There are 2 protein chains.
Amino acid sequence: MNLVAQFAVEYKVPCDKCPLRDCSVFRPLSDGELDLLSDFKIGEFKVEGGATLFAEGVRSDQLFTVLQGWAFRYKTLEDGRRQIINFILPGDFIGLQSTLDAEMEHSVETLTAASFCTFPRKRLTDFFARSPRLAFDVTWLAAREERVLDEHLLSLGRRTARERAAYYLAHLFVRAEEVGLAVEGRVRFPFTQQHLADALGLSLVHTNKILRRLTYDQLVEWEHGLFRSPNLAGLAELGGFDLEARRERPLL
Amino acid sequence: MNLVAQFAVEYKVPCDKCPLRDCSVFRPLSDGELDLLSDFKIGEFKVEGGATLFAEGVRSDQLFTVLQGWAFRYKTLEDGRRQIINFILPGDFIGLQSTLDAEMEHSVETLTAASFCTFPRKRLTDFFARSPRLAFDVTWLAAREERVLDEHLLSLGRRTARERAAYYLAHLFVRAEEVGLAVEGRVRFPFTQQHLADALGLSLVHTNKILRRLTYDQLVEWEHGLFRSPNLAGLAELGGFDLEARRERPLL
DNA sequence: CGTTCTATTGAATAACGTCAAGGACGGTGG
DNA sequence: CCACCGTCCTTGACGTTATTCAATAGAACG
């Protein structure tokens, strides 16, 4: 396992200069909030693709916001079966799932070179005290994550493989688009069909067959890592994904 | 749909007198915290079994802590397929999943007569301001919920039906035991096999067959609603459920 | 004691997984 | 430039798991 030595970098972008804030999905913060956030932030770091950020059973004393790059969060069973819980994109806040004294119960691995802002977990209570509003935002983000997992639970439990794939691809595409990763309706998906299979709870072979059929039905195109949907509305409808839902959220 | 008219009751147990606090799973609060919590609490209410507390697409301006009774949270697809996200037991804090301005994306229904403490969602920010520590607890609870869902996602995606059932039953039994619902190693499970099937993402028929086999293998007994495991360690091992994990948590 | 849920079981069918074998593609070294 | 290799993708054949359909038995409830 390629466990990364995390090193804080002196270079530190002030949060009000964060390029991600230009994305309209993110709720604007007041100047005071931005200062506070900048103060809470202790550094940045960058890792290559394929790096393990957290490992199951390892503690982390930091929280992260993804600046750029893709990663994924997963759990495994003893015999190696892997379930990808979610993909992690720029703007996502991670690390909350573990507590001060508890071990991480999942692993996080990068798919591409990626960079992160880091926040010290120890100062979270202080941070909460200084801005109840931002504290509420953190809680809100945790609750939002939970809602996303609710939906995936519904997928894994009750949607057919085809619906599930349609839902997930629509979901991923929209998420990527929100943070400016789409160019002319195309998004680079930096993962393999095996990753997708592990997210959908399907075998690789079956995932491939379903993907081929979705392609044949002109609902998706995914070649050389580049994804687009010739019929996003149709894809979303098949998967039961709500394209209209408001997705505004805070960015920490 | 039997949507309940929620009525606040004058009668109001102070939080420091809450009988649930005697359970050792719950982290003790300071006197100041208990006062603050009592102040945040605006009332109690009680509903019969089979009542719909929240409905998909309906807003709620309250948060709840379950005082007694069982409920479950679920989502449905248009054609009626239902996925139970989780069961809700005494001590559970619910309602955080929706936000001030967003609609509920799930429903909650009681399985038994149940009573709840209610907190006004509008005053949550004020509550956060007055105790960063309790604010952190709320966040922590949300993050903990997410960890539980992670594990269920792993179950639905990667565990066989048999493992999944074993995991879930062990999980439910331990949760019930934690809040004092076990009598001589037995817990009343107030739901049907259909509910369990909807939680496991399986059909009723298959759930029944697996249950019968677990019974034959002397891992579970579940008759007339009364559940026990003659071999909890074996059940947990089959399901990959960690009996040793620390489960202490705050109670709000 | 009927009526209505709920649980149980067998049989037929559909969905999905496993095994196995190629094919496409990009990188690497000669 | 080309042979070689590794990774990922693709496809068919076949086995397993889970679903659906159908029918009955058992409990719970007036």
Side-chain angles (χ1 to χ4, degrees), chain A residues 2 48-50 70 72 77 79-84 109 111-112 155-169 188-217 220-227 238-239, chain B residues 2 48-50 72 77 79-84 109 111-113 155-166 168-169 188-217 220-227 238:
Chain A
N2 181 13
E48 71 276 29
W70 287 66
F72 63 100
L77 296 172
D79 62 4
R81 283 175 284 175
R82 177 176 72 172
Q83 177 65 37
I84 292 183
E109 190 175 319
L111 285 162
T112 67
S155 265
L156 290 188
R158 289 302 182 217
R159 285 198 244 257
T160 66
R162 184 174 156 85
E163 293 168 337
R164 212 183 297 176
Y167 178 90
Y168 210 81
L169 291 170
R188 177 155 300 279
F189 277 176
F191 48 83
T192 66
Q193 293 189 3
Q194 181 67 67
H195 288 106
L196 183 60
D198 285 345
L200 298 177
L202 298 170
S203 70
L204 170 61
V205 172
H206 200 230
T207 301
N208 176 274
K209 284 172 182 169
I210 276 168
L211 232 27
R212 305 269 62 241
R213 211 176 133 208
L214 289 176
T215 305
Y216 177 82
D217 294 338
V220 307
E221 287 174 15
W222 186 18
E223 284 173 347
H224 310 290
L226 221 52
F227 177 92
L238 170 60
Chain B
N2 179 13
E48 72 278 29
F72 63 101
L77 297 172
D79 62 4
R81 283 174 282 176
R82 176 176 75 171
Q83 177 65 37
I84 293 183
E109 192 175 317
L111 286 162
T112 66
S155 265
L156 290 188
R158 289 302 183 217
R159 285 197 245 257
T160 65
R162 182 175 158 85
E163 293 168 336
R164 212 183 297 176
Y168 210 82
L169 291 171
R188 178 155 301 278
F189 276 177
F191 47 83
T192 66
Q193 292 189 4
Q194 181 67 66
H195 288 105
L196 183 61
D198 285 346
L200 298 177
L202 297 171
S203 69
L204 171 61
V205 172
H206 199 228
T207 300
N208 177 274
K209 285 173 181 169
I210 277 168
L211 232 28
R212 303 269 63 242
R213 213 178 130 207
L214 289 177
T215 306
Y216 177 80
D217 294 340
V220 307
E221 286 174 15
W222 185 18
E223 284 173 347
H224 310 289
L226 220 51
F227 176 92
L238 170 60

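Bear in mind the structure is a predicted one, so any value in this text is a computation, not a measurement. In what follows, every chain begins at residue 1, and chains take the letters A, B, ... in the order their sequences are listed.
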Exercise. Which nucleotide in the list D:dA18, D:dC9, C:dC16 gets nearest to the side chain of A:T192?
Worked result: D:dC9
Exercise. Considering only side-chain heavy atoms of A:R164, which listed nucleotide, D:dT10, D:dT19, C:dC16, is closest?
Worked result: C:dC16
Problem set entry | Cationic N near anionic O, under 4.0 Å, A:D79 to B:R158 | no
For this session: Answer yes or no: is there an ion pair linking B:D217 with B:R162, defined by an N-O contact shorter than 4.0 Å?
Result: yes
Exercise. Are B:T215 and B:W222 side-chain neighbours, meaning at least one heavy-atom pair lies under 4.5 Å?
Worked result: no
Value in whole Å for how far the [atom2] atom of [N] lies from [atom1] of [X]:
{"X": "B:R158", "N": "D:dT17", "atom1": "CZ", "atom2": "P", "result": "16 Å"}
{"X": "A:E163", "N": "C:dA15", "atom1": "CD", "atom2": "C1'", "result": "13 Å"}
{"X": "A:Q194", "N": "C:dG17", "atom1": "CD", "atom2": "P", "result": "11 Å"}
{"X": "B:N208", "N": "C:dC5", "atom1": "CG", "atom2": "P", "result": "19 Å"}
{"X": "A:L226", "N": "D:dC8", "atom1": "CG", "atom2": "P", "result": "18 Å"}
{"X": "B:H206", "N": "D:dT20", "atom1": "NE2", "atom2": "C1'", "result": "13 Å"}
{"X": "B:K209", "N": "D:dA18", "atom1": "NZ", "atom2": "P", "result": "12 Å"}
{"X": "A:H195", "N": "D:dT7", "atom1": "NE2", "atom2": "P", "result": "13 Å"}

For this session: May I ask you to decide if the ring planes of A:F191 and A:F189 are parallel, tilted or perpendicular, using 30° and 60° as cut-offs?
Result: parallel
Exercise. Under 4.0 angstrom, heavy atoms only, what part of the nucleic acid is B:G225 near: base, sugar-phosphate, or nothing?
Worked result: nothing
For this session: Remember a base hit wins even if backbone is also touched, and classify B:L202 as base, sugar-phosphate or nothing at under 4.0 Å, heavy atoms.
Result: sugar-phosphate
Exercise. A:Q193 side chain N/O closer than 4.0 Å to the phosphate oxygens (OP1, OP2) of D:dT10?
Worked result: yes
Problem set entry | Under-4.0 Å side-chain N/O to phosphate OP1/OP2 contact, B:H224 with D:dA28 | yes
Exercise. Among side-chain atoms of A:H206 and A:S203, is any donor-acceptor pair under 3.5 angstrom?
Worked result: no
